[in-house]
Structure formats: C-alpha cells, structure tokens
Peer 1: 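Before I ask anything, here is the structure I am working with.
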Amino acid sequence: MAMPLLYSGTKNASSWAMRAWLALREAGIAFDEEVVDIRRPQRFANLDRIAAFSPPAMVPVLVVNEAVIFDSIAIMEYANDVAAGILLPDDLNARACARSLISWQHSGLSQICARISFESAFYPLKRSLTVTERAEAGRLFDCLEPILQGSGGPFLFGTLSLADLMLVPTVVRLTRHDLDFANWPRSLAWATALLGRASVAEWMQEADKLPHIWFDEYLVPGDPIKMAPAVLPAI
Ligand SMILES: N[C@@H](CCC(=O)N[C@@H](CS)C(=O)NCC(=O)O)C(=O)O
C-alpha cells in the first residue's frame with residue numbers, strides 16, 4: 001500500500017486540516033503531508049489544484065491508493081476505522097454523545113468560531129471576547145462539564161476520542177482569548193490535557209512560528225484591543 005497523503009492546510013489557518021491531522025496521528029497512521037498554502041491570493045490557484053481530484057476543492061483531503069477521502073469528519077472516521085475503533089467510545093450512548101459533539105462542531109458550534117477566526121488565536125494582540133461569544137462558549141462548557149464528571153476525565157469519554165480532537169481548535173481559540181474558566185473547572189482541566197497532548201503541541205509549535213494572517217473583520221468596532229494573556233490558569 002502506498003503511503004497515505006494528507007493535503008493539509010497552512011497551520012495557523014486551517015482548523016479543519018488540524019482535526020484530520022490530529023486524528024491520523026492519534027490513530028498511529030503513518031502519512032505524508034503536503035501543506036496547501038491557503039493564504040490569499042495564492043489560495044485560489046492552490047485550491048484549484050485540489051479541485052482536479054477532490055470535488056469540494058478544500059483541504060483537508062486524504063488520498064489512500066485510489067481513495068480520495070475529503071472532509072475532516074470522513075478522514076477522522078477513516079482514522080478511527082484503521083485504528084479498530086479506539087477513537088470512539090465503546091458504549092453506544094457515549095458514542096452517540098461523541099458524535100453529537102462532533103456534529104455540533106462541524107455545523108458551526110453555534111457560531112462561536114465564525115468571528116473568532118482560527119488565525120486570530122496566533123495574534124500577539126487580541127480583542128476581548130464579546131458577550132455573545134462568551135455566552136456561546138458557556139453553552140459549550142455547560143454541556144461538557146457533566147460529561148467530564150461522568151467519565152472522570154481526563155478526556156470527554158475517559159480516553160481520547162474524535163470528539164476531543166474535533167474540539168481542539170475551539171479550545172485553542174478560546175484559551176488564547178480572555179475566557180474565564182472559573183465556572184468550568186473540569187473543562188479547564190480537559191483543555192489543559194488536550195493542549196498538553198504531544199500531537200496538539202507539535203501542530204501548535206509549527207503554527208506559532210508562522211507569519212500572522214490578518215483579518216479586518218476580527219476587530220469589533222469600539223472594542224479595545226489588549227494584550228492576550230494566552231496562558232491557561234493553573235489547575
Ligand atoms: N467541511 C469541510 C470544511 C473544510 C474547509 O473549510 N477548509 C478550508 C480550509 S480550513 C478550505 O479549504 N476552504 C476553501 C474554500 O473555502 O474555498 C471539512 O470539514 O473538511
């Protein structure tokens with residue numbers, strides 16, 4: 001079998017590629033990686049090249065022999081299948097719950113990620129989260145606290161699963177802004193465990209070295225910019 005090839009994305013921009021990459025790593029699958037530069041303006045020509053073999057013309061795409069597996073969830077599920085299912089909980093209800101969280105994230109996570117672009121997690125100066133963003137983050141962590149209480153952690157369903165990996169970029173976005181985790185101690189411990197995972201740390205170290213990609217829409221008119229704390233409170 002040829003080595004699987006992951007068409008990934010610029011590491012401080014492509015949260016979807018990060019999810020697929022993490023799942024392959026955590027499944028123990030060896031793969032080659034081609035980083036597709038998705039910064040403008042070269043993004044358009046580069047994605048045209050992807051369109052030649054992958055209908056959505058997006059990254060991530062995993063090519064395994066003749067199979068072209070596009071979309072982050074399909075790649076993550078493939079990784080889990082290759083790893084004999086270790087990245088989803090055995091229990092039927094827990095597996096359904098994991099898939100609910102995965103789907104919630106994939107369908108936009110109540111718009112949390114729309115304004116807090118992944119790129120912004122890497123800015124040296126950051127704006128404060130808005131009231132709406134804080135409320136939506138609260139909705140997520142109110143949901144995760146009882147799940148973590150039930151499993152006992154350190155991950156959502158005890159051992160690491162696709163649900164944890166799917167939520168990593170959201171954890172990155174929120175922990176690198178000024179979210180106060182006081183009401184969600186289990187989520188804070190979970191976020192800390194996720195960010196400490198070797199695979200996550202490796203991606204983040206590479207992403208942190210890249211030049212920043214600025215989006216004008218990131219700023220909220222009238223809101224002060226302040227230095228980002230970018231350090232999780234101790235647990
Ligand atoms: N639903 C897709 C979304 C992938 C996606 O939006 N990828 C971005 C880069 S992170 C992209 O390639 N965008 C190209 C475009 O919007 O034309 C997935 O989960 O893989």
Side-chain angles (χ1 to χ4, degrees), residues 4-27 29 31-64 67-82 87-88 98-123 140 161-174 176-177 194 199-200 202-218:
L5 173 58
L6 179 71
Y7 292 87
S8 182
T10 313
K11 283 198 163 50
N12 61 349
S14 188
S15 61
W16 297 111
M18 182 184 193
R19 295 173 172 104
W21 189 96
L22 290 175
L24 292 169
R25 269 299 169 88
E26 293 290 352
I29 298 172
F31 63 98
D32 287 326
E33 179 185 7
E34 179 173 328
V35 175
V36 177
D37 185 350
I38 60 165
R39 294 170 302 162
R40 291 159 203 271
Q42 58 269 40
R43 169 189 189 95
F44 306 105
N46 290 342
L47 291 172
D48 274 355
R49 208 164 49 78
I50 299 293
F53 60 89
S54 178
M58 289 184 176
V59 289
V61 187
L62 182 71
V63 178
V64 190
V68 176
I69 307 168
F70 51 81
D71 202 288
S72 53
I73 286 192
I75 298 168
M76 295 172 87
E77 289 278 359
Y78 171 83
N80 180 55
D81 287 346
V82 171
L87 290 175
L88 279 175
R99 288 195 166 117
S100 299
L101 292 170
I102 291 167
S103 304
W104 189 14
Q105 174 67 76
H106 200 248
S107 57
L109 197 60
S110 313
Q111 300 302 311
I112 293 183
C113 301
R115 283 297 303 275
I116 318 166
S117 71
F118 191 56
E119 291 84 341
S120 71
F122 303 92
Y123 296 164
L140 171 65
S161 76
L162 296 185
D164 300 294
L165 299 178
M166 192 66 168
L167 289 166
V168 166
T170 295
V171 166
V172 168
R173 284 171 161 98
L174 294 173
R176 287 188 164 205
H177 280 79
L194 266 184
S199 58
V200 175
E202 184 184 334
W203 178 287
M204 292 300 292
Q205 269 163 22
E206 289 184 34
D208 272 324
K209 286 187 217 142
L210 297 174
H212 302 126
I213 307 170
W214 180 252
F215 280 114
D216 289 340
E217 314 85 72
Y218 171 67

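Values reported hereafter were calculated over all heavy atoms of this structure, with side chains retained and with hydrogens, waters and symmetry mates removed. The model shown is predicted, which means the values in this text are computed figures rather than measured ones. Remember, it's 1-based here, ligands and their atoms both numbered in the order they're listed.
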Peer 1: Does a side-chain heavy-atom distance below 4.5 Å link Ile50 with Phe70?
Peer 2: no

Peer 1: Starting from the N and O atoms of ligand 1, collect every protein N/O partner closer than 3.5 Å and put each pair on its own line with the distance to 0.1 Å.
Peer 2:
{"unit_1": "ligand 1", "atom_1": "1 (N)", "unit_2": "Asp71", "atom_2": "OD2", "d": "3.0"}
{"unit_1": "ligand 1", "atom_1": "7 (N)", "unit_2": "Val59", "atom_2": "O", "d": "2.8"}
{"unit_1": "ligand 1", "atom_1": "12 (O)", "unit_2": "Val59", "atom_2": "N", "d": "3.0"}
{"unit_1": "ligand 1", "atom_1": "13 (N)", "unit_2": "Arg43", "atom_2": "NH2", "d": "3.2"}
{"unit_1": "ligand 1", "atom_1": "16 (O)", "unit_2": "Arg43", "atom_2": "NH2", "d": "3.4"}
{"unit_1": "ligand 1", "atom_1": "19 (O)", "unit_2": "Asp71", "atom_2": "OD1", "d": "3.2"}
{"unit_1": "ligand 1", "atom_1": "19 (O)", "unit_2": "Ser72", "atom_2": "N", "d": "3.3"}
{"unit_1": "ligand 1", "atom_1": "19 (O)", "unit_2": "Ser72", "atom_2": "OG", "d": "2.5"}
{"unit_1": "ligand 1", "atom_1": "19 (O)", "unit_2": "His106", "atom_2": "NE2", "d": "3.1"}
{"unit_1": "ligand 1", "atom_1": "20 (O)", "unit_2": "Ser72", "atom_2": "N", "d": "2.8"}

Peer 1: Between Pro60 and Arg19, is there a side-chain heavy-atom distance shorter than 4.5 Å?
Peer 2: no

Peer 1: Where the side chain of Ser8 meets the backbone of Ala17, is there a donor-acceptor pair that is under 3.5 Å apart?
Peer 2: no

Peer 1: Is the shortest distance from a Lys or Arg side-chain nitrogen in Arg99 or Glu77 to a carboxylate oxygen in the other one below 4.0 Å?
Peer 2: yes

Peer 1: What heavy-atom pair brings Asn12 and Ala207 nearest, and what distance separates the two atoms?
Peer 2: CB-O, 3.8 Å

Peer 1: Could you give the distance from CD (Gln105) to OG (Ser15), rounded to the nearest 0.5 Å?
Peer 2: 7.5 Å

